[in-house]
Protein chains: 4
Amino acid sequence: MSRPVHVAVVGAGSADAATAGMAEEVGRLLARAGAVVVSGGLGGVMEAASRGAKSAGGTTVGILPGCERSEANAWVDVAVPTGLGEARNALVVRAADVLIAIRGEYGTLSEIALALKTGKPVVGLETWELSQRGVVATEIVRARTPPEAVERALELAGRSA
Amino acid sequence: MSRPVHVAVVGAGSADAATAGMAEEVGRLLARAGAVVVSGGLGGVMEAASRGAKSAGGTTVGILPGCERSEANAWVDVAVPTGLGEARNALVVRAADVLIAIRGEYGTLSEIALALKTGKPVVGLETWELSQRGVVATEIVRARTPPEAVERALELAGRSA
Amino acid sequence: MSRPVHVAVVGAGSADAATAGMAEEVGRLLARAGAVVVSGGLGGVMEAASRGAKSAGGTTVGILPGCERSEANAWVDVAVPTGLGEARNALVVRAADVLIAIRGEYGTLSEIALALKTGKPVVGLETWELSQRGVVATEIVRARTPPEAVERALELAGRSA
Amino acid sequence: MSRPVHVAVVGAGSADAATAGMAEEVGRLLARAGAVVVSGGLGGVMEAASRGAKSAGGTTVGILPGCERSEANAWVDVAVPTGLGEARNALVVRAADVLIAIRGEYGTLSEIALALKTGKPVVGLETWELSQRGVVATEIVRARTPPEAVERALELAGRSA
């Protein structure tokens, strides 16, 4: 199938300048590589990633928690109002081949967890670190920079396709 | 808001030539008018409407019942695999400003019902007729042809916006 | 499996005395027969059916559209707050072996449609009549009285099990 | 409202003897305290917690990922087949006032995350430890034994009611 890779960029709904800058660069690099950028469609990291993708002529999809397309940030091309509340996080994961998690709060953590539960790769940029009874979980692929995150995500999407 | 009107075209997952012909014409006319065509993303009426929309350069969104984007027919630009089964019908309705129902079976009837329940207008082309204790329900706006259906749907979307 | 039959009683969220009376009798007779009464958990027919079931010592389950158990009417034993809005109608259908629809509005119609779409039998008491291009749909099994509705529903649940 | 506290016991779908023992004790103590035990309805920790609750005469609810009540383990009183797949984890959280997480894998982590995202308290027994950029998250209330977990959960449910 020639359809493009879909990458979900997940992170908090409000973001400081540094976090937004990373998200915007991730979005731009993904679009430049021909990937569709999926997100939860709201503010913060979701908005910055979408803005970055549009700056490079990409396509952006926003999977929204509420019932109104108008909730979406201005850089979402296709807004899908699910009306499912936080349960929509599962749909963000389902819509993507791979996730890039940028820092993030508990909503982001739920998306990371649902992705790993269902076998989708997750690349992390300064995001959650997980351990249990002293054993560190290594499933999140760590990247240090936006270009590295995008490179790893595209590799992993290819490998899992 | 300058975002385009979203019209869900709903109908059965398999369609005879006459039904598919109506759906394709509806899709083409919607795209020509600048509307985004939303559907359940599978075969039959969904596929024909999407094909029609693409033939006129439109944008198509498919809200799928399963977990794989690859379920979508070949004319869906943006596939959203919900993993919700038939519960995804509620999301088809939420994604649209107005519905055009073309004939259809019980899945289509559920979409008509959910739209009317939540105050979204429905235009019907040879679709379900509803009554209760002898009283005919008149909420479905009847159209006799694809051009009439599209015209009425766009009017109603404007009015309900 | 010895687990009891689950019957969804569906109808409008507000009900006049005659409709509520039918729903209450349906609930009472179901409970007396050992069936679990499932509903959407709110008022009207849902509340009357639950009240009837409790008056006969039955068990009642309410599948709610919102996020709070406290939305449930006072006769719901087990309240399940889905947070899915009207998409919860699909879950009411999934929780039951058979539906009894009592009159009802468009929400009820969506439940009838989702049940028939997924092969679950529906018994109707003065509920929606459906036709398409002049052909009346006969899938809804018509009952004239609450006892007849309960009898037919339990028969159909046995047959479809 | 006099309705009982609902506590979700979350953990992996398969469990070694030690983990199952903890879950069974948690279920038993919750039931003895009059709480309803909510779970994902399947095996492992979910089954052990339900079995424990039933051994003390409690009520158990299972929120299932699939479409069939028969998926539920034998100690679930009320099985709710959602058909939502892993998105049902959000409904397990919504059905409860507080969570007790026992060890657990990524599905459990998603439930912890969704609870914390929506302000529901989480008590952890040897479960996930979370940190980000070197800062440990302290929102999960740590308990060392099943009795301590149950005691803390009931306190927190009271406080958050």
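Scope of the values below: all heavy atoms of this structure, side chains included, with no hydrogens, waters or symmetry mates.
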Applying side-chain hydrogen bond (donor to acceptor under 3.5 Å, both in side chains), name anything that partners B:Ser131, two or more places apart in sequence or on another chain. C:Glu129
Does any backbone or side-chain atom of B:Thr118 lie under 4.5 Å from a heavy atom of chain C? Answer side chain, backbone, both or neither. side chain
Could you have a look at C:Ser110, C:Ala115, C:Ala90, C:Gly124 and say which one has the most heavy-atom pairs with chain B under 4.5 angstrom? C:Ser110
According to salt bridge (charged side-chain N to carboxylate O under 4.0 Å, His left out), who are the partners of B:Arg103, at least two apart in sequence or on a separate chain? B:Asp16, B:Glu126
Count the heavy atoms of every other residue, nucleotide or ligand shown that sit under 6.0 Å from CD of B:Glu68, and state whether that count exceeds 12. no
For residues 132-140 of chain C, tabulate all N or O donor-acceptor pairs below 3.5 Å that involve a side-chain atom, not counting sequence neighbours.
| residue | atom | partner | partner atom | Å |
| --- | --- | --- | --- | --- |
| C:Gln132 | NE2 | B:Gly104 | O | 2.8 |
| C:Glu139 | OE1 | B:Tyr106 | OH | 2.6 |

Do you know which of C:Leu116, C:Asn89, C:Thr108 has the most heavy-atom pairs with chain B at a distance under 4.5 angstrom? C:Leu116
Do the non-hydrogen side-chain atoms of C:Ile112 and B:Leu109 ever get within less than 4.5 Å of each other? no
Which heavy atom of B:Leu84 sits nearest to which heavy atom of C:Arg94, and what is that distance? O-NH2, 2.8 Å
Which members of residues 35-60 of chain C, sorted by number, sit under 4.5 angstrom from chain B on a heavy-atom basis? none
